[in-house]
*Asks:* 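Sharing a structure, written as structure tokens. Questions coming.
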Number of protein chains: 2
Amino acid sequence: MAVTIRDVARQARVSVSTVSRALSAPGLVKEATRQRVLEVVRGLGYEPNRAARSLITGRTGNLGIVVPDLENPFYPAVLRGVQSRAHEAGCAVFFCDSRVAAEDALVRTMAAQVDGVVLCASLLDDDQVAELADTTPMVLLNRTLPGVSSVLMDSASGMAQVVEHLAELGHTDRVYLGGPEQSWSHRRRLVGLADRARRLGPFEPTFDGGVEGARQALSTGATAIIAYNDLMALGVLSHLSTRGIRVPEDISVTGFDNILYAAMCHPPLTTVAMPTEEAGRVAVDLLVDRLAGGPAECRELPTRLVPRASTGKAPMFS
Amino acid sequence: MAVTIRDVARQARVSVSTVSRALSAPGLVKEATRQRVLEVVRGLGYEPNRAARSLITGRTGNLGIVVPDLENPFYPAVLRGVQSRAHEAGCAVFFCDSRVAAEDALVRTMAAQVDGVVLCASLLDDDQVAELADTTPMVLLNRTLPGVSSVLMDSASGMAQVVEHLAELGHTDRVYLGGPEQSWSHRRRLVGLADRARRLGPFEPTFDGGVEGARQALSTGATAIIAYNDLMALGVLSHLSTRGIRVPEDISVTGFDNILYAAMCHPPLTTVAMPTEEAGRVAVDLLVDRLAGGPAECRELPTRLVPRASTGKAPMFS
DNA sequence: TTGAAAGCGCTAACAA
DNA sequence: TTGTTAGCGCTTTCAA
């Protein structure tokens, strides 16, 4: 059996409560006693039993995060932010990809063993989210709901920058390949788009979705394709390349998110940089605040256009 | 306060022990009683408190996984496998990226709240791993240690296939850009290489590492560059492209792992397919077996060459 | 087949 | 500043 608080107490010649206090409320113990206890703790390699602790405090010291698709490098980046900040706050992180099971089921399962959860780009409807938020402290990422904390990335502004950039290059015939219609990010992008492009879709926000989108976009005769995200844009580039269409000479392409591969592909992708890691960190901050009894809070993080080689002047003919 | 086992007992007019048994040892309760209890459980929405349960059973029902770099799409894929299998087994998954803190510290922290951990491509030395494995049931991924379960991907064979492929294309002057020297995968790849290529490195197993590797490789005059992994190969492609060197006409390039982007880049990358998701699932199987008292086990999964457009005939001149 | 009761290891009143 | 004690919610002997 592992070493318990009683072993420490015995060897340090104090009561168990003193040991407990020395560990979790240092101010309430005489410094000398505390040192002695800590020494014994180290000597014995004592680790408080988390189950016992959380049984009484009702806190687990754990956070959960649910992401829609880990294969999209956007989410590992968020996860990194969450993880590093959680680590600083002394929390461990539970993780779930919502392709494994329904989002609400996952959150409910998690709720049993975490103090709060970060829910990324949820596709649940408002009522469902509200119900979950009622059960568990929650922070939404790229999604809003009154009374629930959220971290937003300014998709509207990002998309507006994209359209402006294309307009400056002389593109008048633009087409937008839309993402999931329930998605908050998609809807915000539409706001930024302000009807300055034709709309196609919805498409899966993946490479394959982009391939399909490109196919449809080609028949419109547009000179610029605006993809919902980078993964789709990569699919677009791939399809155009197999069709022998040059980018950006014949058609310009833009993505969204600035995932790592946006800079590595050919041609490098004009896209919108999202503050992913920071969003992860902020989400944890908000969650921790909330757990400490603070109010629900919304934080919007800025985005910015990253012009690269996949966009160029519109072709002169048409 | 949440509903407890006593509430259920009271309403079902049985003792708490009967409720407990109805839930975790159905055989020990009369069917009729059991049905009645289950009904009340559903009616009240009762969920057993995990902390209380694990306090007494010593089990948490959680698994942990430590990966070296979530930015490498290889690991999200493994994670997916781990997660889906764990979900089937009724376990939740803790996750850690070892860039947040030292591997052994992470494992130790995790050990406190999981029943076992999957340690991926650890760079710790044998003694350290052995010590950890002594504390917590553990499964190693792409790493071996006597007495510890592990899931291996056959890197040696994969690399042998790469070399053979290049040889068939007429490349006699090949260079290998090595990964981390402590890495088991790297060493296995060397075995498969069998000195049939010059060795450079070590390099960071990242895009930037690949850029640096390409720089050094160019001065050797080799006609084929074998990268430790796809991420590096992507860096190689990028550097060659900025230098105006054509792939595969001037130089052939290969990667390793078959990450998603290997198929999306330009030209598509010849690489070695790794059974990532399956490895994740198998790792969980092994861990679960171990927890049930089974013996340590080693499982090696096959790899296979995926020829694409980044490799071609060696140039005739030299 | 069921119930009573003793803890699992810890924290948090309450007393001293 | 420290110690005593009563549980947190559950499982598991042991008896009935």
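All chains are named by letter (A, B, ...) in the order of the sequence lines, taking the proteins before the strands, and each is independently numbered beginning at 1. These figures come from a predicted structure and were not determined experimentally.
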*Asks:* Quick check: closest heavy atoms across D7(A) and V3(A), and the distance to 0.1 Å?
*Replies:*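 Smallest heavy-atom distance, with atoms named: OD2-CA, 3.4 Å.
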*Asks:* Just the rounded figure in Å: distance from C1' of dG9(D) to CD of Q113(A).
*Replies:*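 In whole Å, dG9(D) C1' and Q113(A) CD are 16 Å from each other.
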*Asks:* For residues 7-15 of chain B, which residues have at least one heavy atom under 4.0 Å from DNA chain C?
*Replies:*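 The stretch gives V14(B), S15(B) as the residues lying under 4.0 Å from the strand, ordered by number.
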*Asks:* When the side chains of residues 284-293 of chain B are checked against the rest of the protein, which donor-acceptor pairs come out under 3.5 Å, sequence neighbours left out?
*Replies:*
| residue | atom | partner | partner atom | Å |
| --- | --- | --- | --- | --- |
| D285(B) | OD1 | R85(B) | NE | 2.8 |
| D285(B) | OD1 | R85(B) | NH2 | 3.0 |
| R290(B) | NE | G294(B) | O | 3.1 |

*Asks:* Which atom pair, heavy atoms only, marks the closest approach of L145(B) to D126(B)?
*Replies:*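 Scanning both residues, the minimum pair turns out to be CD1-CG, 3.5 Å.
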*Asks:* Under 4.0 Å from any atom of DNA chain C, heavy atoms only: list the residues of residues 31-45 of chain A that qualify, in numerical order.
*Replies:*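 None - not one residue of the stretch has a heavy atom sitting under 4.0 Å from the strand.
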*Asks:* Without decimals, in angstroms, what is the distance between E47(A) CD and dC8(C) P?
*Replies:*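 Rounding to the nearest Å, CD of E47(A) and P of dC8(C) are 20 Å apart.
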*Asks:* Give me the atom names and distance for the closest heavy-atom approach of A51(B) to S54(A).
*Replies:*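 Distance-wise, the nearest heavy atoms are CB-OG, 3.2 Å.
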*Asks:* Between dG9(C) atom C1' and R50(B) atom CZ, what is the distance in whole Å?
*Replies:*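 About 19 Å, once rounded to whole Å.
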*Asks:* Donor-acceptor pairs are to be reported for all side-chain atoms of residues 20-27 of chain B against protein atoms at under 3.5 Å, with residues two or more places apart or in another chain.
*Replies:*
| residue | atom | partner | partner atom | Å |
| --- | --- | --- | --- | --- |
| S24(B) | OG | S20(B) | O | 2.8 |

*Asks:* Nearest heavy atom decides the nucleotide; on that basis, is T18(A) or L55(B) closer to the 5' end of DNA chain D?
*Replies:*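 Looking at the nearest nucleotide for each, T18(A) comes out on the 5' side.
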*Asks:* Should we say atom CZ of R99(A) is surrounded by more than 12 heavy atoms from elsewhere, each under 6.0 Å from it?
*Replies:*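 It does: R99(A) CZ has more than 12 such atoms within range.
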*Asks:* Just how far, in rounded Å, is P of dC8(C) from CG of N49(A)?
*Replies:*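 Answer to the nearest Å: 12 Å.
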*Asks:* Does Q182(A) offer a backbone N or O that forms a donor-acceptor pair with the side chain of R187(A) under 3.5 Å?
*Replies:*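 Yes.
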*Asks:* Just distance, no hydrogens or angles: give the donor-acceptor pairs under 3.5 Å from side chains in residues 105-124 of chain A, sequence neighbours left out.
*Replies:*
| residue | atom | partner | partner atom | Å |
| --- | --- | --- | --- | --- |
| T109(A) | OG1 | A105(A) | O | 2.8 |
| Q113(A) | OE1 | R50(B) | NE | 3.2 |
| Q113(A) | OE1 | N62(B) | ND2 | 3.4 |
| D115(A) | OD1 | T60(A) | N | 2.8 |
| D115(A) | OD1 | T60(A) | OG1 | 3.0 |
| D115(A) | OD2 | T60(A) | N | 3.4 |
| D115(A) | OD2 | G61(A) | N | 2.9 |
| S122(A) | OG | E103(A) | OE2 | 3.0 |
| S122(A) | OG | L124(A) | N | 3.1 |

*Asks:* Distances under 3.5 Å only, N/O to N/O: pair up the protein atoms with those of nucleotides 11-13 of chain C.
*Replies:*
| residue | atom | partner | partner atom | Å |
| --- | --- | --- | --- | --- |
| dT11(C) | OP1 | R53(A) | NE | 2.6 |
| dT11(C) | OP1 | R53(A) | NH2 | 3.1 |
| dT11(C) | OP2 | S20(A) | OG | 2.8 |

*Asks:* I'd like to know if the side chain of S15(A) pairs up with that of T18(A) as donor and acceptor (distance under 3.5 Å, no hydrogens or angles considered).
*Replies:*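 Yes, because at least one side-chain N or O of S15(A) sits under 3.5 Å from a partner of the opposite role on T18(A).
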*Asks:* State, without any angle test, whether Q35(A) and E39(A) hold a side-chain donor-acceptor pair at a distance under 3.5 Å.
*Replies:*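 Short answer, no.
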*Asks:* Where do M274(A) and N142(A) come nearest, in terms of heavy atoms and distance?
*Replies:*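 Residues M274(A) and N142(A), closest heavy atoms: CE-ND2, 4.4 Å.
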